[in-house]
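What follows is one structure encoded as structure tokens, with my remarks underneath.
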Number of protein chains: 2
Amino acid sequence: MDTRKRRLLEALIDDYIATAEPVGSRTLARKYGLGISPATIRNEMADLEELGYLEQPHTSAGRVPSDKGYRYYVDEIMRPAILDLEERERIRHAYQVRVRELHWFIHQTARLVSELTQYPSLVVAPPLAQATLSDLSFMPLGADTVLMVLKTSGGMVESQTMLVPDDLDEEKLALLAQDFTREFRGISLEELKDRILDPLQGDINRYQELWQLALKWVTEHDGEEDKVSLAGPLNILNYPEFKDVEKVRRVLGFLERETAVELASRYFSEGVQVVIGAESAFDDIQDCSLVTATYRSGGNVVGHLLVLGPKRMHYNRVTSIVEAVSEELSRVLHG
Amino acid sequence: MDTRKRRLLEALIDDYIATAEPVGSRTLARKYGLGISPATIRNEMADLEELGYLEQPHTSAGRVPSDKGYRYYVDEIMRPAILDLEERERIRHAYQVRVRELHWFIHQTARLVSELTQYPSLVVAPPLAQATLSDLSFMPLGADTVLMVLKTSGGMVESQTMLVPDDLDEEKLALLAQDFTREFRGISLEELKDRILDPLQGDINRYQELWQLALKWVTEHDGEEDKVSLAGPLNILNYPEFKDVEKVRRVLGFLERETAVELASRYFSEGVQVVIGAESAFDDIQDCSLVTATYRSGGNVVGHLLVLGPKRMHYNRVTSIVEAVSEELSRVLHG
DNA sequence: TTTAGCACTCCGCAGAAGAGAGTGCTAACT
DNA sequence: AGTTAGCACTCTCTTCTGCGGAGTGCTAAA
């Protein structure tokens with residue numbers, strides 16, 4: 001794999017990313033100043049094909065990068081994209097708002113990324129189960145409803161209204177919350193789950209039910225729908241590889257299915273990762289690529305961020321964006 | 001328009017709804033026990049076409065209902081569908097949970113309707129601007145953040161965290177909330193908007209900024225994204241009229257665009273309404289139909305519920321479902 | 001080692017032919 | 001007078017064929 005082959009591969013992939021059409025030797029010679037003739041290029045391309053970096057859709061069509069070709073491109077060739085000032089500003093200012101709710105961050109991030117990349121984007125919230133409880137409190141709202149507010153040590157806030165026995169006045173609620181917080185502060189919600197079945201101690205037996213409810217809510221809250229946010233799904237319709245409705249259904253279906261989210265979030269390790277085509281082992285997205293990143297919130301509790309596009313994705317732009325956004329997100333979540 | 005023509009039109013529309021293929025006289029004679037020959041049916045169909053109820057895609061194809069034909073079907077012919085016991089149960093139990101947040105109801109409703117109808121469904125929250133304030137309170141969360149909780153007289157709860165000046169301790173916040181509530185209870189959020197620019201009275205001048213913030217939040221909160229919920233967009237991919245990606249993009253784009261939502265919610269009056277094809281005046285959905293309904297929450301504050309599908313929609317099923325759901329939703333929102 | 005030339009392959013498109021479905025009209029039937 | 005059978009006609013959709021274009025691989029020359 002000499003320098004010329006590399007430059008050739010780069011040019012070919014760039015062209016294919018731009019046009020979605022198999023690239024021929026003539027085109028390559030004309031559009032990119034490689035200083036060699038089509039015939040030479042043909043020889044090189046034959047070599048690259050033999051090495052597995054290129055494929056031919058059929059004899060006498062141009063070449064198309066193979067998964068291995070993209071992989072080499074991503075790992076060895078591509079240079080990180082430099083984002084516009086405007087884009088960097090946009091990322092920097094994306095989170096400058098008063099809101100501190102987790103689902104807002106998730107949602108905002110997904111939208112930001114899908115708009116910058118022009119691909120669908122999915123953001124998975126850090127599993128609440130791994131956060132540690134900092135504070136639980138109740139705010140009475142009416143005769144039998146309270147607002148339960150959960151703060152994690154990461155500074156995130158989640159709240160939800162719920163029905164409670166109506167003999168719980170404000171004082172009792174405050175006491176209950178105090179007890180709860182004192183008892184469980186600093187404990188991960190994961191561990192808290194185990195306490196649910198424990199016999200309850202102390203003088204709060206009367207409100208065992210509410211106590212259980214609170215525990216249940218706290219520990220199961222991450223089963224809710226705002227745990228993951230999908231933005232810009234329609235972006236894929238702009239790419240010619242998705243002119244077939246069947247394919248659109250498969251891919252968007254994949255993104256909507258929660259199973260995919262869960263699997264995906266377990267699948268990827270820290271940092272920015274690129275998964276190309278068949279590398280992903282999910283049938284529905286065999287000819288798509290993923291760019292994923294993790295973000296931190298407080299300790300080593302991490303969430304996931306994911307961009308899905310055709311295999312001829314703008315890998316350098318997408319990885320740069322995804323990296324910048326995930327860093328910014330980690331930063332604001334930390335503060 | 002005699003009885004036979006009506007029965008014919010009914011059979012034809014039923015068949016077209018089921019098959020999406022232009023219906024010929026032979027098919028009609030064979031599949032539906034009308035007791036007349038294809039030739040007679042042809043005569044009748046020619047009449048119906050002249051009257052504007054049917055159309056021919058081209059000479060010598062079967063007939064297809066026109067907008068006017070669907071309209072007549074919806075208004076005069078179709079009988080309301082009877083829902084399964086299972087479906088009725090599902091509607092009845094859809095809202096039996098502890099949660100009382102508006103966006104949860106919205107979300108849940110959209111999902112319920114799209115799953116029952118197998119079409120995309122959109123639910124628009126009642127504009128908060130028309131709700132009246134019942135109660136505003138703050139819950140301190142940290143040095144400089146509070147959770148603002150808004151209760152409307154309809155019993156809905158909305159909450160959001162925000163940053164505040166950090167010399168506001170719990171007592172001052174409580175006082176502020178008390179003042180705010182006393183001052184503005186029973187006033188619609190619409191009217192509240194005007195107060196923002198008023199010079200502030202009383203002894204709370206110091207916290208003018210927060211006061212303004214609270215007002216601003218309360219009055220502008222309905223600009224948020226959880227005001228409207230879209231569910232089941234991918235359902236349209238199951239219908240052959242959406243095998244063209246361009247069309248899919250137009251229609252789903254329409255559903256995602258907020259302008260469409262706003263226009264739509266202003267466009268429709270109370271009760272269950274059917275809008276067929278070109279009746280809607282929106283370019284992007286000229287060959288779709290809408291079924292809409294309103295729901296009440298407390299007073300005459302209404303939200304909207306919308307199902308979108310191809311013109312050959314199962315009108316009777318969809319209207320029945322939409323009606324049942326909107327009634328149930330109104331009922332639970334009232335309690 | 002590179003390049004020009006050339007025969008070859010394969011796709012995609014356009015036009016033609018044929019099948020199929022459905023119509024409208026006419027004439028016979030009840 | 002209304003209904004039906006028969007039939008010619010129309011139009012679409014599919015299949016097939018032929019052809020141009022794009023691109024290749026190979027050979028031979030530079």
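We name chains A, B, ... by the order of the sequence lines, and we start the count at 1 in each one.
With respect to B:R63 and B:E49, a salt bridge is recorded, a charged nitrogen being found less than 4.0 Å from a carboxylate O. Using a 4.0 Å cut-off between charged nitrogen and carboxylate oxygen, B:E10 and B:R79 count as a salt-bridge pair. Using a 4.0 Å cut-off between a side-chain N of Lys or Arg and a carboxylate O of Asp or Glu, B:K243 and A:E246 do not qualify as a salt bridge. B:D283 has no carboxylate O lying under 4.0 Å from a charged side-chain N of B:R250, or vice versa, which leaves the two without a salt bridge.
Atom pair B:N43:CG and C:dA27:P shows a separation of 15 Å (rounding to whole Å applied). Protein atom CD of B:Q56 is 17 Å distant from nucleotide atom P of C:dA21, rounded to whole Å. The distance between atom CD of B:E21 and atom P of C:dA21, rounded to the nearest whole Å, is 12 Å. Put simply, CD1 on A:I41 is 12 Å from C1' on C:dT3, counting in whole angstrom units.
Side-chain N/O atoms of B:Y70 and B:D75 include no donor and acceptor closer than 3.5 Å. Using modelled atom types, one finds no donor on one side chain facing an acceptor on the other under 3.5 Å when comparing A:D47 with A:Y53.
A close approach under 4.0 Å does occur between a side-chain nitrogen or oxygen of A:T40 and OP1 or OP2 of C:dT3. OP1 and OP2 of C:dA4 both lie 4.0 Å or more from every side-chain N or O belonging to A:R26.
Sorted by residue number, the list of members of residues 7-19 of chain A with any non-hydrogen atom under 4.0 Å from DNA chain D is empty. Contacts between residues 57-66 of chain A and DNA chain D, defined by a heavy-atom separation below 4.0 Å, involve A:S60, A:A61, A:G62, A:R63, listed by number.
The salt bridge (charged side-chain N to carboxylate O under 4.0 Å, His left out) contacts involving residues 21-40 of chain B comprise B:D15-B:K31, where partners must be two or more places apart or lie in separate chains. Applying the salt bridge (charged side-chain N to carboxylate O under 4.0 Å, His left out) definition to pairs two or more places apart or across chains, those involving residues 304-320 of chain A are A:D67-A:K311, A:E87-A:R317, A:E241-A:R312.
Summary of the strand contacts: A:T27 and B:I36 both lie near DNA chain D, and taking for each the nucleotide with the nearest heavy atom, the more 5' one is attributed to B:I36.
For DNA chain D, the outermost nucleotides in 5' to 3' order that have an atom under 4.0 Å from a heavy atom of chain A are D:dA22 to D:dG25.
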Donor-acceptor contacts under 3.5 Å from residues 285-292 of chain B side chains, at least two apart:
from: B:Q286; atom 1: NE2; to: B:F282; atom 2: O; distance (Å): 2.9
from: B:D287; atom 1: OD2; to: B:K247; atom 2: NZ; distance (Å): 3.3
from: B:S289; atom 1: OG; to: B:Y315; atom 2: OH; distance (Å): 2.7

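Without hydrogens or angle criteria, B:R249 side chain to A:L237 main chain gives a donor-acceptor distance under 3.5 Å.
The shortest distance between side-chain heavy atoms of A:I82 and A:S320 does not fall below 4.5 Å.
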